[in-house]
There are 2 protein chains.
Amino acid sequence: MKTRSDKPVYLQVEENLRSDILSGKYKKGDYIPAEAQLCKEYDVTRATVRNALTRLINDGLITSVKGKGYYVTLNKIKYSVWNFSGFTDMVLAKGRTPKSKVLVHEVVQIEDEEYLCIKRARCIAEEENGALTIDTSFLPLKIFNGIENYDFENESLYRVIKEDYEIVPYEVEFSLKPIVGNQDTDEYFVSEGNMFLYLEGVVYDKDRNELEIVKVIYSELIDFKIVSSVI
Amino acid sequence: MKTRSDKPVYLQVEENLRSDILSGKYKKGDYIPAEAQLCKEYDVTRATVRNALTRLINDGLITSVKGKGYYVTLNKIKYSVWNFSGFTDMVLAKGRTPKSKVLVHEVVQIEDEEYLCIKRARCIAEEENGALTIDTSFLPLKIFNGIENYDFENESLYRVIKEDYEIVPYEVEFSLKPIVGNQDTDEYFVSEGNMFLYLEGVVYDKDRNELEIVKVIYSELIDFKIVSSVI
DNA sequence: AAGTGGTCTAGACCACGAT
DNA sequence: TCGTGGTCTAGACCACTTT
């Protein structure tokens, strides 16, 4: 096929399959099209297709069975505290008012790319429990040109992204781990312990462009809950 | 070369390089022989050598740099759990063998209900890294009558549920938080820190009957990942 | 017998790093 | 310029599963 894109073909195959799996076109347990079929579809050789498939295997999205094919192993998430429309919607849904305190707002350079870095302590206006999360976002200026001029003390980041830039987040990849508290948590969380849940990840658009790098520290006031299908 | 062994050549190349790295023949930071060199050495094509090298990259032993070569990193192998797929699936997807040590196997009573409680330290047969997770499951005997008579040291709990009881899990609801280590983690994890990711949840069938209560402690060798579409 | 993934050959052109 | 890994082609034979 060879589109205009300069991206390697195997990445395009991988991304298409990844989207099809995440979107639910292929559900857990389903067999995806066979190698030969994918070769025809994309007009490439087996080596190229297998490169894509191997990457999906290593990411745990599919598993191969000799003589049968590749079936989907990824569970689909139905609900998560990370509700993807952001903290603002989550709080509004509870009938409360979200409030943010901007701790950092600056343009930084990471590997020859300029990003707006925003760190915010986020809480509920009606409650005096301290912050619920401390979020740090890195937004590439080449995509969000001029975003450094917004005041995110009074603006929802996701509203700006969706409405002003008309960019739609499509897919997220996160990793979770426990961390010890730091200066920020000491200052903004009302916490008994000194151990927190830490989330780090990337938000992508439909073409798997990186839209945002996120880092979130959750206070113990948040129940980090996820509902997932296992079929 | 093609020795008597029926093992694929790429596995032999991989194992030789792995030994050379682990034995210290190639130290951290060293460049290992180039692809072309390895091709000559083993008398195989690049595709075969690259298969071996890719596996070593995925295991964290080496890193590739375009135009330079492959150098030794000796990072600890991390295993990824994606969206809470089971332990068995995760290990099998990596081409390894799951192994369990049963720590507790007893019938307990919770609120007038009898449950089989199984606690297992779970690891990978091929590795000597200690356990990766410590799982505790509570299975209601009114649904899984007689399940207390299985030996889960050698049986997959998931297989028994699906095949012998013909019960299909449909949905899982869980929450995550950080915990400090305990006697079990001290004994079964090979860990530097004393903080772990803890998952607690319930597995339901299609009619929302409780099938299983799960509690899992993840060692720091586990990378807990979440992938999801946003829409 | 037909279809599937697993392994492997023998090339090719490219972008990048060292020289 | 030359060596390196990154991508890709166009085949081959095998073992396994399904029909």
Side-chain angles (χ1 to χ4, degrees), chain A residues 1-17 21 26 29-73 111-112 208, chain B residues 1-18 21 26 29-73 89 92-97 163:
Chain A
M1 52 154 30
K2 276 296 193 219
T3 67
R4 265 158 249 81
S5 165
D6 51 354
K7 236 185 250 184
V9 185
Y10 75 88
L11 281 183
Q12 299 179 36
V13 178
E14 183 200 341
E15 281 160 26
N16 284 346
L17 287 172
I21 291 168
Y26 305 123
D30 288 355
Y31 278 86
I32 65 175
E35 288 179 358
Q37 175 60 34
L38 292 170
C39 289
K40 260 187 272 176
E41 210 165 298
Y42 291 92
D43 193 22
V44 292
T45 55
R46 273 186 78 199
T48 301
V49 163
R50 282 179 65 82
N51 194 350
L53 292 168
T54 301
R55 293 167 62 89
L56 292 172
I57 289 177
N58 285 328
D59 271 4
L61 301 190
I62 58 175
T63 299
S64 67
V65 183
K66 197 193 288 197
K68 294 186 71 178
Y70 296 83
Y71 68 90
V72 177
T73 44
E111 291 164 9
D112 292 334
R208 208 163 164 82
Chain B
M1 55 153 28
K2 271 307 188 211
T3 67
R4 266 158 249 84
S5 166
D6 51 355
K7 234 186 252 184
V9 185
Y10 75 87
L11 280 183
Q12 299 177 36
V13 178
E14 183 200 341
E15 278 162 24
N16 285 346
L17 287 172
R18 188 185 290 271
I21 290 167
Y26 303 123
D30 288 356
Y31 277 85
I32 65 175
E35 289 179 357
Q37 175 60 33
L38 292 170
C39 289
K40 262 187 269 176
E41 209 166 296
Y42 291 91
D43 192 23
V44 291
T45 55
R46 271 186 80 199
T48 303
V49 164
R50 281 180 66 83
N51 194 350
L53 292 169
T54 300
R55 293 166 63 87
L56 292 173
I57 290 176
N58 286 331
D59 275 2
L61 293 183
I62 59 175
T63 302
S64 67
V65 183
K66 196 196 287 199
K68 295 186 72 176
Y70 296 83
Y71 67 92
V72 177
T73 42
D89 278 355
L92 291 179
K94 292 262 184 208
R96 304 285 203 277
T97 315
E163 293 175 20

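Throughout, protein chains are lettered first and strands after them, A, B, ... in sequence-line order, and every chain is numbered starting at 1.
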*Asks:* Could you tell me how far apart B/Gln37 (CD) and D/dG3 (P) are, to the nearest whole angstrom?
*Replies:*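 In whole Å, D/dG3 P lies 13 Å from B/Gln37 CD.
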
*Asks:* Between atom CG in B/Asn51 and atom P in C/dT9, what is the gap in whole Å?
*Replies:*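 Nearest whole value for this atom pair: 11 Å.
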
*Asks:* Roughly how many Å is it from OH in A/Tyr71 to P in C/dG3, rounded to a whole number?
*Replies:*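 My rounded result for the distance is 24 Å.
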
*Asks:* Suppose the criterion is salt bridge (charged side-chain N to carboxylate O under 4.0 Å, His left out): which pairs have a residue in residues 58-67 of chain A, not counting sequence neighbours?
*Replies:*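 For residues 58-67 of chain A, and leaving out neighbouring residues, the salt bridge (charged side-chain N to carboxylate O under 4.0 Å, His left out) pairs sorted by first residue read A/Arg18-A/Asp59.
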
*Asks:* Rounded to the nearest angstrom, tell me the gap between atom NZ in B/Lys7 and atom P in D/dA15.
*Replies:*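 Going from NZ in B/Lys7 over to P in D/dA15 covers 18 Å.
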
*Asks:* May I have the distance from A/Tyr42 (atom OH) to D/dT9 (atom C1'), rounded to whole angstrom?
*Replies:*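 In whole Å, D/dT9 C1' lies 19 Å from A/Tyr42 OH.
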
*Asks:* Would you please confirm or rule out a distance under 4.0 Å between OP1 or OP2 of C/dT9 and any side-chain N or O of B/Thr48?
*Replies:*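 Yes, within the criterion.
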
*Asks:* Looking at CD1 of B/Ile21 and OH of B/Tyr70, how far apart are the two atoms once the value is rounded to the nearest 0.5 Å?
*Replies:*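 OH of B/Tyr70 is found 12.0 Å from CD1 of B/Ile21.
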
*Asks:* How close or far is atom C1' of C/dG6 from atom CD of B/Glu14, stated in whole angstroms?
*Replies:* 15 Å

*Asks:* Between B/Leu11 and B/Arg55, is there a side-chain heavy-atom distance shorter than 4.5 Å?
*Replies:*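 Yes, close enough: below the 4.5 Å cut-off.
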
*Asks:* Should the pair A/Glu14-A/Arg208 be classified as a salt bridge under the 4.0 Å nitrogen-to-oxygen rule?
*Replies:* no

*Asks:* Rounded to the nearest 0.5 Å, what's the gap from OG1 on A/Thr54 to CG on B/Asn51? Could you check?
*Replies:* 8.0 Å

*Asks:* Between A/Leu53 (CG) and D/dC8 (P), how many Å, whole number?
*Replies:*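 Atom-to-atom, A/Leu53 to D/dC8, this comes out as 14 Å.
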
*Asks:* With respect to the phosphate group of C/dG5, does any side-chain polar atom (N or O) of A/Arg50 fall under 4.0 Å of OP1 or OP2?
*Replies:* no

*Asks:* Name the one of B/Lys68, B/Arg50, B/Lys40 that satisfies salt bridge (Lys or Arg N to Asp or Glu O under 4.0 Å) with B/Glu35?
*Replies:*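 Testing B/Glu35 for a salt bridge (Lys or Arg N to Asp or Glu O under 4.0 Å) against B/Lys68, B/Arg50, B/Lys40 leaves exactly one candidate, B/Arg50.
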
*Asks:* At under 4.0 Å, does any side-chain N or O of B/Tyr70 touch on OP1 or OP2 of D/dG6?
*Replies:*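 For B/Tyr70, the contact criterion (side-chain N or O under 4.0 Å from OP1 or OP2 of D/dG6) is met.
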
*Asks:* Does a side-chain N or O of B/Ser64 approach OP1 or OP2 of D/dG6 to a distance below 4.0 Å, or not?
*Replies:*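 Checking D/dG6 against B/Ser64, a side-chain N or O does come within under 4.0 Å of OP1 or OP2.
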
*Asks:* Pull out every protein N or O sitting under 3.5 Å from an N or O of nucleotides 10-19 of chain C, one pair per line with the distance.
*Replies:*
residue: C/dA12; atom: N6; partner: B/Arg46; partner atom: NH1; Å: 3.2

*Asks:* What's the spacing between B/Ile62 CD1 and B/Leu56 CG if we round to 0.5 Å?
*Replies:*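 Between B/Ile62 CD1 and B/Leu56 CG, I get 4.5 Å after rounding to 0.5 Å.
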
*Asks:* B/Asp43 CG to C/dT9 C1': how many Å, rounded?
*Replies:*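 Those two atoms, CG and C1', are 11 Å apart.
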
